[in-house]
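One structure is given here, and the rest of the page talks about it.
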Amino acid sequence: PCYRFSGILPERNPQFTLADTVITDFPKSFRFRGWFLNDEDLLTEVKISGGKRNIDYDFYDHVMDVAVLDRILETALRMEINLVIPSSFVDIDNPDEEKLVEAVCRRGLYVSQHHVEPMGVSYFGADKYLKKRGYDAEAVSFLTNRTRMIEIWQYYAKKWAKYGERVIWQLGLRGKADQAVWNADPSIPHSMETRGQIITDAIQTQYDIICRTLGTTEFSSTATLWHEGSELYGRGFLKLPGQTIPVFSDLGLDQMFGEDLDTINRSQNPKFGVYYHICYWTRGPHLTEGCHPEKMAYGYRLAADHGELCYSILNVSNVRPVHVSAFLNAKLLCAASALDLRAEMLALDDSVFGEYGKTVNGLRWKYYDAFADFGEEPLKNY
């Protein structure tokens with residue numbers, strides 16, 4: 001299924017005939033099975049015809065060519081993935097970037113937004129909106145410039161609404177790039193309780209905007225509990241609308257889900273989701289798999305024991321270096337409890353490497369088993 005990223009193309013058949021057949025499917029463990037293309041800067045140079053971004057952020061000034069994205073989407077569909085966040089930044093107000101959203105929906109997949117882009121607009125997008133309309137002196141701030149922020153969210157909600165039920169709306173309030181909102185907005189108080197109230201207010205405001213824009217409450221939305229969101233939600237300071245799916249994230253050093261997944265009361269939001277990395281490095285580009293597959297499987301099975309786990313988003317970097325882990329994750333999402341992880345990986349290696357499949361498979365497990373265990377305490381100087 002991932003031949004495009006294994007470097008080995010299938011043999012060309014001179015003819016292909018489909019006989020009458022019955023295709024049966026079975027319920028999947030996860031309703032939403034997603035990929036997040038987090039390092040698309042490593043994909044934008046494959047073809048340089050994708051267009052330009054207007055963003056003050058290193059390495060992200062080009063847009064991925066739709067032809068490159070389409071190969072990823074085909075691979076995702078082969079793995080029964082049904083949701084894609086097509087880039088770290090997608091400003092739908094830029095036609096070159098909207099093409100990415102169109103491509104995802106054209107394939108029949110769900111589309112969502114990075115957690116730095118609640119309502120489909122990042123800090124950079126909001127700042128560009130202000131400058132484009134002559135509001136240069138105004139701040140990107142929900143606390144001190146509430147009316148304008150609501151205007152911006154309404155504008156982007158109308159842009160995204162054209163893709164209808166394909167959209168899984170991301171709700172939240174974040175700062176510049178992947179940082180807490182108070183790092184970009186000094187007006188926000190230091191009290192965690194007050195911060196939780198402000199973000200709760202913002203999320204409810206966003207939810208209400210979507211309801212009005214769509215004319216219905218029947219839509220899907222998520223709130224990714226990343227870093228500060230995890231703490232605020234775990235301590236009860238952050239509240240979500242009843243139908244919004246809270247999404248719990250793994251932690252970088254140990255690739256396990258945080259204690260918030262174990263301790264929070266799920267009576268408010270019985271359905272929940274997870275966000276997981278398979279190439280999470282604190283420094284440098286994500287160019288190799290960084291998580292043991294058995295640890296990933298353990299984490300997902302543990303999460304599934306905590307309630308109605310209906311959503312998964314997997315950070316796949318730029319796909320190619322991590323396609324084996326992405327393949328195994330896709331298998332987990334379809335049948336987590338019944339998966340024979342090692343048998344699936346061996347079958348994949350046999351299909352790609354033929355008579356050398358077992359040899360390659362053995363080397364693969366040696367690589368995964370060589371990962372260092374840093375214990376529970378974070379390293380001081382790494």
Side-chain angles (χ1 to χ4, degrees), residues 2 4-5 32-55 57 59-122 124-125 156-157 159-170 172 174 177-178 220-222 224 247 273 275-279 286 311-323 326 329-330:
C2 43
R4 291 193 180 277
F5 298 93
F32 298 113
R33 306 177 298 279
W35 281 1
F36 170 30
L37 306 182
N38 186 210
D39 290 325
E40 81 274 9
D41 56 310
L42 299 171
L43 294 164
T44 54
E45 304 299 317
V46 177
K47 290 189 174 185
I48 58 173
S49 52
K52 291 282 291 182
R53 276 195 181 107
N54 179 18
I55 186 171
Y57 200 67
F59 311 117
Y60 287 82
D61 55 348
H62 283 85
V63 182
M64 190 192 323
D65 192 289
V66 171
V68 176
L69 175 61
D70 204 51
R71 293 189 174 197
I72 296 171
L73 299 177
E74 179 194 325
T75 305
L77 282 164
R78 288 174 180 272
M79 296 189 195
E80 298 190 77
I81 295 300
N82 66 359
L83 160 67
V84 170
I85 300 175
S87 280
S88 294
F89 299 103
V90 178
D91 186 348
I92 203 169
D93 205 27
N94 176 1
D96 288 328
E97 294 177 69
E98 185 175 7
K99 290 177 183 177
L100 304 179
V101 179
E102 291 172 342
V104 175
C105 295
R106 185 169 60 248
R107 283 282 192 175
L109 293 149
Y110 292 99
V111 65
S112 192
Q113 304 134 342
H114 188 186
H115 51 262
V116 305
E117 294 187 302
M119 296 293 285
V121 54
S122 66
F124 302 106
Y156 276 88
K159 290 273 186 176
W160 279 89
K162 66 186 285 187
Y163 297 101
E165 63 180 14
R166 294 290 95 195
V167 180
I168 300 177
W169 298 81
Q170 180 73 241
R174 303 224 70 210
D178 203 355
S220 299
S221 60
T222 59
T224 303
V247 179
Y275 169 35
Y276 202 77
H277 300 74
I278 46 176
C279 46
H286 304 165
Y311 175 101
S312 169
I313 197 77
L314 184 71
N315 189 314
V316 293
S317 181
N318 65 325
V319 185
R320 183 165 187 167
V322 298
H323 68 268
N329 181 268

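No experiment lies behind these values; they were computed from the predicted model shown. Quick note: numbers below take in every heavy atom, side chains included, and nothing from hydrogens, waters or symmetry partners.
- With hydrogens and angles ignored, the 3.5 Å screen pairs a side-chain donor or acceptor of Gln170 with a backbone N or O of Thr224.
- Listed for the Ser122 side chain is a donor-acceptor partner under 3.5 Å among the backbone atoms of Phe124.
- In this structure Asp65 satisfies the side-chain contact (heavy atoms from CB on, under 4.5 Å) test together with Lys47, Ser49, Ala67, Val68, sequence neighbours excluded.
- Exactly one of Val84, Leu314, Ile85 qualifies for a side chain to side chain contact (heavy atoms under 4.5 Å, CB included) with Phe36. That residue is Ile85.
- Put simply, the side chain of Arg53 gets close to the backbone of Phe89: a donor and an acceptor are under 3.5 Å apart.
- A distance-only check finds no donor-acceptor pair linking the side chain of Asn82 to the backbone of Phe32 [under 3.5 Å].
- Here the CZ atom belonging to Phe59 is positioned 11.0 Å from the CD atom belonging to Glu45, to the nearest 0.5 angstrom.
- Note that CG of Asn94 and CD1 of Ile55 are 10.5 Å apart. Values are rounded to the nearest 0.5 Å.
- For the atom pair Asp96 CG and Met64 CE, the distance stands at 13.0 Å (nearest 0.5 Å).
- Side-chain atoms of His114 come within 3.5 Å of backbone N or O of Ser88 as a donor-acceptor pair.
- Here the side chain of Arg166 pairs a donor or acceptor atom with the backbone of Gly108 at under 3.5 angstrom.
- The closest donor-acceptor contact from the side chain of Arg174 to the backbone of His115 lies at 3.5 Å or more, if one exists at all.
- We find the CG-CG distance between Leu100 and Asp91 to be 11.0 Å, quoted to the nearest 0.5 Å.
- Formation of a donor-acceptor pair under 3.5 Å by the Glu117 side chain with backbone atoms of Val90 is found in this model.
- With His323 contributing its side chain and Phe5 its backbone, the two residues share a donor-acceptor pair below 3.5 Å.
- The side-chain contact (heavy atoms from CB on, under 4.5 Å) check on Ala103 picks up Val66, Leu69, Leu73, Arg106, with sequence neighbours excluded.
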